[in-house]
Amino acid sequence: MTNIETTYMGLKLCSPVIIGSSGLTSSIENIREFEKRGAGAIVLKSLFEEQIKYEIAHTASHQTSANYYPEAHDYIANYSHNHRVSEYLALIKGAKEAVKIPIIASINCITADEWTSFARKIEEAGADALELNIFILPSDPTMGAEQNEKIYFSILEEVKKLIKIPISLKISYYFSGLAKMALKLSWAGANGVVLFNRFYSPDINIDSMQVVAANVFSGPKEITISLRWVAMLSDRLYCDVCASTGIHDSEGLIKQLLAGAKAVQVVSTLYKNGFGRIDEMNAGLRAWMEKHGYKNTEEFIGLMSFKKAENPAAYERVQFMKHFAGIE
Ligand SMILES: Cc1cc2nc3c(=O)[nH]c(=O)nc-3n(C[C@H](O)[C@H](O)[C@H](O)COP(=O)(O)O)c2cc1C
C-alpha cells in the first residue's frame, strides 16, 4: 500500500499538499472541499494588520464634524479591530469543527504589540499551528541587513513566549545572508520555514503610465528559486521546510519532496486549474512512488538535498558557462 502521509512541524498530514494562504482559504465551504479532495492541511487567509488599520481609518473618515467625538473614534477603532479579529477567530473555530485536517492560522503584522494579542487568541480558537507572514521590504537605505532581520527575531521571540502551538515563518529571499538567516530562525525556535512567499509585484503600464499589479498568479517555471533553496537548506536547518511558489502539479510536488521539503503549499494552480488539481497531485505522487518502489514518503524526502545529491555543486552554480559554451 502506497502511503503519502508526511509530518510537518509535528503535525501528521494525510498528504504533503497544503493549501496555501489566500482568498481560497477564507471560506468553510472551500475548506471542506479541500479536505474531501485530499489536502494535507490548510493555511487560512492571513489576518492583515494593515487591513485592520485601513478599516479604522476608513470608518473614521466618514465621520462629519457635527457628530465627531474623539470618544466615538476610539469606540469605532476598537470595534473595527475586534470585529475583524472576531471574524477571523470564528473562521478558525468553524474550520476546526468542519474538518479533521490541521488548520494553520496566518498573521501578517508589522508590530510586535499586535502580534501578541492575536497569537494568543488564535491558539485559544483552536488553530493547530501559526504561520507568521512577515515581510519587511529592505528598501530603506538607512536600515542595514541586521536591523531589518532583528525585527523577525523579536516577532518570533514575542510570539513564542505566548503560544505553544508550532510556529512557521513564511519568508522571502530578500536577505543578504539567506542561509544564515534561515539557520538563525531555526535556532530561535521556528518549527518550520516556508520558502518562499510570493508578493504583490508592481509593473508599469506604458500607455496609462500607471503602476499596476504584475502577474498575480505564479507559473510552473517559478518553482526553480524555491527548489534551489529547499535543496540547499532542508538538511541544514533545525526545523522543517515547506516549499511554496510555482508548485503546480505532481511533478513540482515530487521535486520539492526530493529536495527535502516535508510538505508544499499550493495556491495559483488551484485558481488556474481548479480544486481537482489536489486529487491529481496526490494521484501523481502515488503513481510515481509505485513506479520507483517507495512505500512511504520518508523513504525519498530529501534524497536530492544538498548533502545527499550526487552532484550538490549544481545547486550552487550561478553562472551559465557550460551551457553558454554550446549556444554562443
Ligand atoms: C490571490 C492571492 C492571495 C494571497 N493571499 C495571501 C495571504 O493572505 N497571506 C499569505 O501569506 N500569502 C498569500 N498569498 C501568497 C500565497 O500563499 C503563495 O505564497 C503564493 O501565491 C505562491 O504560491 P503559488 O505559486 O502556489 O501561488 C496569496 C496569493 C494569491 C494569489
Side-chain angles (χ1 to χ4, degrees), residues 8 15-27 30-31 34 39-54 84-85 87-88 91-92 95 103-110 115 118-119 122 127 129-137 152 155 159 167-174 190 192-203 212-230 241-257 261 263-275 277-278 280-281:
Y8 172 53
S15 153
V17 179
I18 297 177
I19 313 305
S21 179
S22 64
L24 295 176
T25 59
S26 55
S27 90
N30 281 359
I31 290 168
F34 292 141
I42 311 279
V43 186
L44 297 179
K45 171 83 187 152
S46 296
L47 184 59
F48 280 83
E49 188 182 327
E50 279 166 327
Q51 199 180 345
I52 299 163
K53 285 187 176 153
Y54 173 81
R84 270 272 160 215
V85 172
E87 268 176 25
Y88 198 74
L91 177 67
I92 298 172
I103 297 296
I104 304 171
S106 164
I107 331 181
N108 181 321
C109 284
I110 36 179
W115 285 117
F118 290 171
I122 275 168
L130 175 61
E131 188 172 277
L132 302 180
N133 173 15
I134 313 171
F135 181 44
I136 295 145
L137 190 72
Y152 289 76
I155 290 171
V159 177
I167 301 170
S168 59
L169 269 91
K170 188 179 186 186
I171 61 172
S172 74
Y173 44 83
Y174 291 90
V193 285
V194 182
L195 307 177
F196 296 104
N197 203 345
R198 182 179 184 271
F199 301 98
Y200 162 89
S201 293
D203 194 2
V212 292
N215 302 330
V216 174
F217 300 122
S218 72
K221 286 184 181 154
E222 287 179 54
I223 194 174
T224 50
I225 297 179
S226 130
L227 189 65
R228 160 182 271 172
W229 288 100
V230 169
V241 171
C242 183
S244 163
T245 296
I247 301 143
H248 280 240
D249 48 28
S250 58
E251 199 180 327
L253 163 67
I254 296 161
K255 286 179 188 178
Q256 292 285 14
L257 297 176
V264 308
Q265 293 188 8
V266 292
V267 173
S268 294
T269 193
L270 303 183
Y271 276 106
K272 286 179 167 179
N273 303 305
F275 296 176
R277 187 45 67 112
I278 305 164
E280 289 164 19
M281 288 177 78

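Because the structure is predicted, anything quoted here is derived from the model rather than measured. Both ligands and their constituent atoms are indexed starting at 1 by order of listing.
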Residue Phe217 vicinity, atoms of ligand 1 by number, heavy atom under 4.0 Å = 31 (C)

message = Heavy atoms only: which of Gln265, Lys170, Glu131 lies closest to atom 19 (O) of ligand 1?
response = Lys170

ask   = Does any N/O atom on Val267 come nearer than 3.5 Å to any N/O atom on ligand 1?
value = yes

key: Contact with ligand 1 for Thr269, non-hydrogen, under 4.0 angstrom   = no

note = The atoms of ligand 1 lying under 4.0 Å from a heavy atom of Ser268, numbered in the order shown, are 24 (P), 25 (O), 26 (O), 27 (O)

Nearest neighbour in protein (non-hydrogen) for atom 11 (O) of ligand 1 = Asn133 ND2, 2.8 Å

query = Does any N or O atom in Ser21 lie less than 3.5 angstrom from one in ligand 1, N or O only?
reply = yes

query = N/O of Ser106 under 3.5 Å from N/O of ligand 1, yes or no?
reply = no

Shortest protein heavy-atom distance from atom 8 (O) of ligand 1, along with the residue and atom involved = Lys45 NZ, 3.0 Å

task = Identify, for atom 1 (C) of ligand 1, the protein heavy atom at the shortest distance, and state residue, atom and that distance.
result = Tyr271 OH, 3.6 Å

query = Of all the atoms in ligand 1, which lie at a distance below 4.0 Å from a heavy atom belonging to Asn197?
reply = 11 (O), 12 (N), 15 (C), 19 (O)

task = Pick out which of Val193, Val264, Val194 makes a side-chain contact (heavy atoms from CB on, under 4.5 Å) with Cys242.
result = Val194

task = Flag yes if more than 12 heavy atoms outside Glu251 fall under 6.0 Å of its CD atom; otherwise flag no.
result = no

ask   = Just by distance, do the side chain of Arg277 and the backbone of Ser250 share a donor-acceptor pair under 3.5 Å?
value = no

ask   = Among Asn108, Thr245, Val266, whose heavy atom sits nearest atom 23 (O) of ligand 1?
value = Thr245

ask   = Considering only heavy atoms from C-beta outward, does the side chain of Val17 approach that of Ile247 to under 4.5 Å?
value = no

task = Taking only heavy atoms of Ser218 into account, list the atoms of ligand 1 that are under 4.0 Å away from them.
result = 24 (P), 25 (O), 27 (O)

ask   = If you measure every N/O of His248 against every N/O of ligand 1, is any gap under 3.5 Å?
value = no

task = To the nearest 0.5 Å, tell me how far Ile42 CD1 sits from Ser21 OG.
result = 11.0 Å

message = Within the structure provided, determine whether Leu257 and Pro16 are in side-chain contact (heavy-atom separation under 4.5 Å).
response = yes

inquiry  = I need the Ser15 OG to Phe34 CZ distance, nearest 0.5 Å.
reply    = 13.0 Å

request  = Identify, for atom 9 (N) of ligand 1, the protein heavy atom at the shortest distance, and state residue, atom and that distance.
outcome  = Ser46 OG, 2.6 Å

inquiry  = Which of the numbered atoms in ligand 1 are under 4.0 angstrom from any heavy atom belonging to Val216?
reply    = 31 (C)

ask   = Quick one: does Phe199 get a heavy atom under 4.0 Å from ligand 1?
value = no

Passing candidate, side-chain contact (heavy atoms from CB on, under 4.5 Å) with Tyr271, options Thr269, Asn273, Val267 = Val267

request  = Taking the side chain as every heavy atom from C-beta outward, state whether Thr25 and Val43 have any pair of such atoms under 4.5 Å apart.
outcome  = no

query = For atom 2 (C) of ligand 1, what's the nearest protein heavy atom and its distance?
reply = Ser22 CB, 4.1 Å

Where ligand 1 meets Arg198 - atom numbers and elements under 4.0 angstrom, heavy-atom basis = 19 (O), 20 (C), 22 (C)

message = Tell me if the OH atom of Tyr173 is crowded by more than 12 foreign heavy atoms within 6.0 Å.
response = no

Spatial distance of atom CG (Leu24) from atom CD1 (Ile19) [nearest 0.5 Å] = 8.0 Å

key: Ser244 side chain to Leu195 backbone, donor-acceptor under 3.5 Å   = no

